[in-house]
Amino acid sequence: FPLLCIVGLAVLVLGPLLKPGYVFFLDFVMAPEHQLDWDSYNSGGALLSSLPLDALFHFLIAILPASFVQKVVLVSIFLVIGSAMWRALPRRLGLTPRLLATTFYLINPFVYERFTAGQIGILFGYAFLPLILKFFQQAFVKKDTRSIGLAVLFWTLQIIFAPHFLVITGVGLAVIFIFNLLSRQSSADLVLANDWVQKKNKYQIIAKIFLKIILLFIILNSFWLVPAVFLRNGLVFQIDGAHFPAYRSAADDRYGLVMNLVGLYGFWRERTSAGELVLAKDTLQAWSLLWVVFFIPMYFGGKYLYKQARP
């Protein structure tokens, strides 16, 4: 049933975009042929992290119509976003809360703005994020190798789609790491007292898990990390202070920057493409009040889960 709901939402959102032919996005344009451009990696500044995805498109378009491959990608975005969020939510929440949370994660201003811009990689990375954070937390709580492996595997997939998630997910890992260091109970079989020896053991266990995650990540991502670090010819190394003003988050004309970000808006194209994008907030004058309605159940739901997780 949840999968049918996700498929229904995907079809509802995509609608006429599933008709035969090509769909032209700003950052996602497909053509009948897709050649591997080795020059873009050798001297063009592209990171090798995108090479597996580039090779996959090259293979698929060689055996299937490119327009069909594009439609599969568009549908897959929404299926992966919905399915990953559904799997990341605790079963004890029940059917209705999980469906509502999944729907909200699937259909919101952030997804809309990035989708219309054709930032397919960002959306796939966004889809994997809740699942990865869940596996990170499970790794610290259960201390199992499976959770570590799944977390790093999906993190690697994120970076293949969009290297931005090296930092985004890395920050999430750091927060979870610090949270478990400061928490009273950080594993299912570790009960702490005020004794320093027991606290020291706790810190050592958490540190070892963190180091295992980092080590496995370096191993799986060495195919692009090593060339990027030692050759330093990627465009990412040419980023300087002049780029930040151009790509900074956009503020809302009425409510400012913070409220715009809280409302899941703030894409930098809001400043440069006024009139090109029709946003929900443009037709809802009191859209900020609508977000208050959304965040009230989020607050109480988060408070409930926190109480349930306490020892």
Side-chain angles (χ1 to χ4, degrees), residues 1-30 57 60 64-91 93-131 154 157-158 161-162 260-267 269-270 273 275-298 301:
F1 179 71
L3 181 60
L4 291 177
C5 292
I6 294 170
V7 171
L9 285 172
V11 173
L12 181 65
V13 170
L14 293 173
L17 298 182
L18 298 177
K19 292 180 179 180
Y22 294 95
V23 182
F24 294 96
F25 296 92
L26 178 66
D27 294 336
F28 183 52
V29 178
M30 300 196 74
F57 276 130
L60 291 176
L64 296 170
S67 59
F68 175 76
V69 174
Q70 186 184 43
K71 300 300 189 298
V72 171
V73 172
L74 296 180
V75 174
S76 298
I77 291 171
F78 292 94
L79 293 182
V80 175
I81 291 176
S83 300
M85 185 60 178
W86 174 264
R87 293 293 301 273
L89 293 169
R91 291 179 179 270
L93 286 178
L95 178 63
T96 302
R98 292 175 76 191
L99 280 177
L100 290 175
T102 299
T103 302
F104 178 79
Y105 196 71
L106 181 61
I107 301 177
N108 59 63
F110 176 86
V111 173
Y112 172 75
E113 287 190 318
R114 302 293 171 162
F115 181 79
T116 54
Q119 294 195 346
I120 305 304
I122 293 291
L123 289 177
F124 273 110
Y126 166 84
F128 293 132
L129 188 58
L131 206 55
F154 280 111
L157 285 176
Q158 267 191 322
F161 280 107
N260 210 34
L261 295 177
V262 170
L264 299 182
Y265 293 100
F267 186 23
R269 289 192 69 232
E270 290 181 26
S273 57
E276 294 181 13
L277 289 174
V278 180
L279 304 176
K281 67 176 183 176
D282 296 332
T283 57
L284 296 173
Q285 296 301 320
W287 63 271
S288 59
L289 297 179
L290 183 63
W291 283 107
V292 174
V293 175
F294 275 110
F295 278 104
I296 288 176
M298 290 181 190

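For the numbers below, each heavy atom of this structure counts, side chains included, while hydrogens, waters and symmetry mates do not.
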| said: So which atom in Gly94 and which in Pro97 form the shortest heavy-atom distance, rounded to 0.1 Å? | reply: O-CD, 3.7 Å
| remark: What one should report as the nearest heavy-atom pair of Leu131 and Ala84 is CD1-O, 3.8 Å
| message | side chain to side chain contact (heavy atoms under 4.5 Å, CB included), that's the test. Do Met85 and Leu89 meet it? Break it down for me. | response | CA-CA 6 Å; Met85 185 60 178; Leu89 293 169; 4.0 Å; yes
| said: Are Arg98 and Arg91 packed together at the side-chain level, in the sense that at least one heavy-atom pair is separated by less than 4.5 angstrom? | reply: yes
| Quick check: are there more than 12 heavy atoms from other residues, nucleotides or ligands sitting under 6.0 Å from CZ of Phe104? | yes
| query | Between atom CZ of Phe267 and atom CG of Asn260, what is the distance when rounded to the nearest 0.5 Å? | reply | 13.0 Å
| field | Approximate separation, where rounding is to 0.5 Å, of Gln70 CD and Leu64 CG | value | 13.5 Å
| Would you call the rings of Phe124 and Phe161 parallel, tilted or perpendicular, where under 30° means parallel and over 60° means perpendicular? | parallel
| field | Evaluation steps, side chain to side chain contact (heavy atoms under 4.5 Å, CB included), between Leu129 and Tyr105 | value | CA-CA 11 Å; Leu129 188 58; Tyr105 196 71; 4.1 Å; yes
| Judged by atom type as modelled, is there a donor-acceptor pair below 3.5 Å linking the side chain of Lys71 to the main-chain atoms of Gly21? | yes
| query | Only one of Phe28, Phe110, Phe78 forms a ring-ring contact (aromatic ring centres under 6.0 Å, His included) with Phe115, so which one is it? | reply | Phe78
| request: Any chance you could measure Leu157, atom CG, to Phe128, atom CZ, to the nearest 0.5 Å? | output: 5.5 Å
| field | Test log, rule side chain to side chain contact (heavy atoms under 4.5 Å, CB included), inputs Val72 and Val69 | value | CA-CA 5 Å; Val72 171; Val69 174; 5.6 Å; no
| field | Considering all heavy atoms, the nearest Val23-Leu74 contact | value | CG2-CD1, 4.5 Å
| Stepwise side chain to side chain contact (heavy atoms under 4.5 Å, CB included) test for Val7 and Val75 | CA-CA 8 Å; Val7 171; Val75 174; over 6 Å; no
| said: Can you tell me how far apart CG (Leu106) and CG (Leu99) are? Round to the nearest 0.5 Å. | reply: 11.5 Å
| query | Checking Arg114 against Tyr126: charged group under 6.0 Å from the ring centre and within 45 degrees of the axis? | reply | no
| query | What closest approach, in Å, do Pro109 and Gly263 show between heavy atoms, and which atom pair accounts for it? | reply | CG-O, 3.5 Å
| remark: dist Thr102:OG1 -> Arg87:CZ (nearest 0.5 Å) comes out at 12.0 Å
| said: Any non-hydrogen side-chain atom of Ile77 less than 4.5 Å from a side-chain atom of Ile120? | reply: yes
| field | Sidechain-backbone polar pair: Ser83 side chain, Val80 backbone, donor-acceptor under 3.5 Å | value | no
| task | Give the minimum heavy-atom separation between Phe25 and Val29, together with the two atoms involved. | result | O-CG2, 3.1 Å
